[in-house]
Amino acid sequence: MTPFGAEKDGDQIRLRLRKLLDRLPALVYRCRIEENFNYVLEYASRGSLELIGVPPEELVEAGVNIIERMTHPADLESQKRAVRDSVVAHEPWQIMYRIQLRSGELKWLWDQGEAVYDETGAPVYLEGLLMNVSEQKFLEISLQEENRQLRQKLENSASLGAIIGKSAAMREVYSMIIKAAATDTNVIILGETGSGKDMVAREIHNYSGRKGAYVPVNCGAIPENLLESEFFGHTRGAFTGASESKEGLVGAAHNGTLFLDEIGELPLNLQVKFLRVLESKTYTPLGSRAPKTSRFRLVAATNRDLAKMVRDKTLRADLYYRINVLTIHVPPLRERAEDIPLLVEAWQERNGIDLNLPHSVRVAMSHYPWPGNVRELHNFLDRYAVFGQAVARQLGHQDIAPQAQGQDGMTLEEATRELERSLILKTLDQHRWHRGKTATALGLNLRTLQRKMKSLGIA
């Protein structure tokens with residue numbers, strides 16, 4: 001026997017539940033399943049009016065499946081099949097499809113729900129909700145189109161961001177950068193010293209649209225005893241000399257990109273701690289017990305053989321597999337010699353200098369192996385800008401390699417030092433050994449001139 005007042009309580013609960021459902025920014029529905037998986041709508045929440053422009057009463061009393069009739073023809077069959085297959089398999093469904101409103105507006109809906117079964121296991125109802133995901137979907141479509149246009153543009157482009165080159169090898173790098181930027185996957189960049197791994201990392205960050213900072217870290221440049229503090233930060237008094245709290249590199253990269261250059265230089269003890277941070281996105285500053293969160297994206301780089309380091313047990317295998325998800329190989333300059341003229345032109349534009357490189361020098365540059373890659377090329381152009389045609393005369397038709405023999409049996413390095421010494425002595429004589437005036441005439445600051453004089457043995 002039902003206790004007195006129980007029915008009244010039940011009515012109040014149903015009323016409160018209906019009010020709650022009507023406040024949701026979504027359409028909650030319940031359909032009766034008839035033969036051949038035809039659905040008859042029995043309940044729709046107030047969200048239908050904002051979602052599809054139809055009041056719930058009209059949806060229920062229409063006698064036809066209005067939502068099905070509004071579904072985009074290209075999506076209708078796949079939508080019906082997805083629901084039917086989920087019902088048969090006794091599984092919930094989650095599908096996305098388009099509908100066209102009476103106004104002509106197109107919307108993307110997210111439909112999720114599950115069937116209700118009787119005691120024999122036969123499906124009798126569908127229950128679920130529909131949400132408007134148009135903004136997210138149209139943004140996704142827009143990004144896809146933007147990436148498509150960008151990929152098309154890159155096919156004939158001479159650069160990507162600050163990276164210069166239009167060789168086939170560099171176009172492949174550009175393609176990988178765009179692919180990496182579209183995901184949050186960990187990236188490892190492989191390449192020789194001076195090949196531009198840091199620039200690749202920065203462009204991945206720039207094209208990813210992440211709102212946080214780009215935080216570059218040279219793992220080999222931080223003293224081992226400071227690594228943990230530099231990475232995770234510290235509180236005031238955490239150790240001798242910690243006079244104030246400091247945010248670490250991991251914290252600074254929150255919602256941005258943490259670029260670890262030469263990741264193979266990390267000592268094993270820090271590898272363990274950094275692996276935990278990668279897995280949990282949480283870390284604890286030195287001297288603190290309160291964990292912090294950093295939603296950074298990791299990009300790492302190295303010129304070392306990480307697989308060999310794993311075999312030699314100087315790199316943890318679990319860290320290696322965690323970072324080695326998407327790999328980008330940056331080619332050495334000798335494998336893309338056709339990009340050298342572009343790099344020279346870019347250097348000239350950046351520095352506002354026209355070097356007027358003779359043909360013989362350009363030929364030598366195209367045949368030189370550039371063991372220091374783009375960094376070495378920039379260094380050569382810097383020196384050429386200072387010494388001009390004198391450097392060209394020293395080079396003649398010889399290769400630029402330091403090992404190659406120049407005039408008088410000297411290597412380029414020896415010839416360059418001799419030229420520097422001769423030019424500095426000549427300029428000193430012209431200015432009666434006034435070092436300040438000499439430095440100005442040579443386009444150097446005084447400290448640089450003094451350092452060069454000491455290195456060249458000029459008293």
**Q** Hydrogens and angles aside, do D75 and S78 bring a side-chain donor and acceptor to less than 3.5 Å of each other?
**A**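 There is no such pair (donor and acceptor under 3.5 Å, judged by atom type) between the side chains of D75 and S78.
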**Q** Would you call the rings of F380 and Y384 parallel, tilted or perpendicular if under 30° counts as parallel and over 60° as perpendicular?
**A** tilted
**Q** To the nearest 0.5 Å, tell me how far I323 CD1 sits from I189 CD1.
**A** 11.5 Å
**Q** Stepwise, does the side-chain contact (heavy atoms from CB on, under 4.5 Å) test hold for T71 with Y97?
**A** CA-CA 7 Å; T71 301; Y97 54 89; 3.9 Å; yes
**Q** Counting only heavy atoms from other residues, nucleotides and ligands, does the tally under 6.0 Å from OH of Y321 exceed 12?
**A**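 Check fails, neighbour count at 12 or below.
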**Q** Compare every heavy atom of L106 with every heavy atom of H72, then report the nearest pair and how far apart it is.
**A** CD2-CD1, 4.0 Å
**Q** Report the C-alpha distance between R84 and E77 in whole Å, list the side-chain angles of each, state the deciding distance to 0.1 Å, and finish with yes or no for salt bridge (charged side-chain N to carboxylate O under 4.0 Å, His left out).
**A** CA-CA 10 Å; R84 184 173 62 247; E77 286 306 313; 6.0 Å; no
**Q** Would you check if there is a donor-acceptor pair between the side chains of E192 and N303 at a distance under 3.5 Å?
**A**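 Side chains of N303 and E192: no pair found under 3.5 Å.
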**Q** After noting the C-alpha distance and the side-chain angles of V215 and F296, does the key distance pass the side-chain contact (heavy atoms from CB on, under 4.5 Å) rule?
**A** CA-CA 10 Å; V215 181; F296 64 89; over 6 Å; no
**Q** Can you tell me how far CE of M199 sits from CD1 of I204, rounded to the nearest 0.5 angstrom?
**A**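 The distance works out to 12.5 Å.
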**Q** Which is it for Y117 and H90 under the ring pair (Phe, Tyr, Trp, His ring centres under 6.0 Å) test, yes or no, and what are the steps along the way?
**A** CA-CA 9 Å; Y117 305 87; H90 286 231; 3.9 Å; yes
**Q** Do L130 and I99 make a side-chain contact, defined as non-hydrogen atoms from C-beta onward lying under 4.5 Å apart?
**A** no
**Q** Give the minimum heavy-atom separation between C219 and L227, together with the two atoms involved.
**A**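 The answer is O-CD2, 4.4 Å.
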**Q** Using modelled atom types only, decide if a donor and an acceptor are shared between the side chain of N351 and the backbone of W347 within a distance under 3.5 Å.
**A** yes
**Q** How long is the gap from CG on L306 to CZ on R311, to the nearest 0.5 Å?
**A**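 Answer rounded to 0.5 Å: 11.0 Å.
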**Q** Any side-chain donor-acceptor pair under 3.5 Å between R375 and N379?
**A**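 Side chains of R375 and N379: no pair found under 3.5 Å.
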**Q** If you round to the nearest 0.5 Å, how far is CG of L21 from CZ of R30?
**A**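 Reported value, rounded in 0.5 Å steps: 12.0 Å.
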**Q** Verify, without hydrogens or angle tests, whether H254 (side chain) and R295 (backbone) share a donor-acceptor contact under 3.5 angstrom.
**A**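 Here the side-chain-to-backbone pair exists.
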**Q** Are the side chain of R297 and the backbone of T183 linked by a donor-acceptor contact shorter than 3.5 Å?
**A** yes
**Q** Using a strict cut-off of less than 4.0 Å between a Lys/Arg side-chain nitrogen and an Asp/Glu carboxylate oxygen, indicate whether E345 and R350 qualify as a salt bridge.
**A**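 Salt bridge between E345 and R350, a charged N being under 4.0 Å from a carboxylate O: no.
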**Q** Sequence neighbours excluded, which residues qualify as salt bridge (charged side-chain N to carboxylate O under 4.0 Å, His left out) partners of R210?
**A** D184
**Q** Can you check whether F274 reaches L298 side chain to side chain, under 4.5 Å on heavy atoms?
**A**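 SC-SC contact between F274 and L298 confirmed.
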**Q** Answer yes or no: is there an ion pair linking D198 with R202, defined by an N-O contact shorter than 4.0 Å?
**A** no
**Q** When rounded to the nearest 0.5 angstrom, what is the spacing between OG in S134 and CZ in R98?
**A**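 The OG atom of S134 sits 11.0 Å away from the CZ atom of R98.
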**Q** Could you tell me which non-hydrogen atom of P331 sits nearest to which non-hydrogen atom of A169, and how far apart they are?
**A**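 Closest approach of P331 to A169: CG-CB, 3.8 Å.
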**Q** Does the side chain of L319 reach to within under 4.5 Å of the side chain of L278, using non-hydrogen atoms?
**A**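 When only atoms from C-beta onward are counted, L278 and L319 do touch, with a gap below 4.5 Å.
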**Q** Should M365 and L357 count as side-chain neighbours, where that means a heavy-atom distance under 4.5 Å?
**A** yes
**Q** Which pairs count as salt bridge (Lys or Arg N to Asp or Glu O under 4.0 Å) when at least one residue sits in residues 270-283, sequence neighbours excluded?
**A** E228-K273, E279-R322
**Q** Within the side chain of Q112, is there an N or O that forms a donor-acceptor pair under 3.5 Å with the backbone of L129?
**A**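 Such a contact is absent between Q112 side chain and L129 backbone.
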**Q** Is there side-chain contact between I424 and L449, with heavy atoms separated by less than 4.5 Å?
**A** yes
**Q** Are a donor atom and an acceptor atom from the side chains of N132 and W108 found within less than 3.5 Å of each other?
**A** no
**Q** May I have the step-by-step check of side-chain contact (heavy atoms from CB on, under 4.5 Å) for V277 and V250, ending in yes or no?
**A** CA-CA 9 Å; V277 176; V250 170; 4.1 Å; yes
**Q** For P123 versus A115, what's the shortest heavy-atom pair and its separation?
**A**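 Residues P123 and A115, closest heavy atoms: CB-CB, 4.5 Å.
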**Q** With a 3.5 Å distance limit and no angle check, can you tell me whether D354 reaches the backbone of N356 through a side-chain donor-acceptor pair?
**A** yes
**Q** Would you find more than 12 non-hydrogen atoms of other residues, nucleotides or ligands less than 6.0 Å from E224 atom CD?
**A**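 12 or below, so no.
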**Q** Could you walk me through whether V116 and E127 pass the side-chain contact (heavy atoms from CB on, under 4.5 Å) test, one step at a time?
**A** CA-CA 7 Å; V116 178; E127 293 181 342; 3.7 Å; yes
**Q** If only atom types and distance count, is the side chain of D339 paired as donor or acceptor with the main-chain N or O of S167 below 3.5 Å?
**A** yes
**Q** Check this for me, if you would: do R304 and E265 make a salt bridge, where the nitrogen-to-carboxylate-oxygen distance has to be below 4.0 angstrom?
**A** yes
**Q** Answer whether the closest heavy-atom distance between the side chains of N206 and Y214 falls below 4.5 Å.
**A**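 No, their side chains stay 4.5 Å or more apart.
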**Q** May I ask you to decide if M309's main-chain N or O and T314's side chain share a donor-acceptor pair within less than 3.5 Å?
**A**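 Here the side-chain-to-backbone pair exists.
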**Q** Taking the side chain from N186 and the backbone from N324, do they hold a donor-acceptor pair closer than 3.5 Å?
**A** no
**Q** Between I95 and A82, which heavy-atom pair has the shortest distance, and what is it?
**A** CG2-CB, 3.5 Å
**Q** Measuring from L27:CG to E50:CD, what's the distance to the nearest 0.5 Å?
**A**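 These two atoms lie 11.5 Å from each other.
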**Q** Show the nearest heavy-atom pair for residues Q271 and L266, with the distance to one decimal.
**A**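 Smallest interatomic distance, heavy atoms only, reads NE2-O, 2.7 Å.
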**Q** Do any N or O atoms from the side chain of Q94 and from the backbone of D111 form a donor-acceptor pair under 3.5 angstrom?
**A**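 No: the side chain of Q94 does not pair with the backbone of D111.
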**Q** Before accepting this row, confirm whether a basic side-chain N of the pair E230/K246 lies closer than 4.0 Å to the acidic partner's carboxylate O.
**A**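 Yes, charged N to carboxylate O under 4.0 Å.
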**Q** For the pair T440 (side chain) and G436 (backbone), establish whether a donor and an acceptor sit closer than 3.5 Å, ignoring hydrogens and angles.
**A** yes
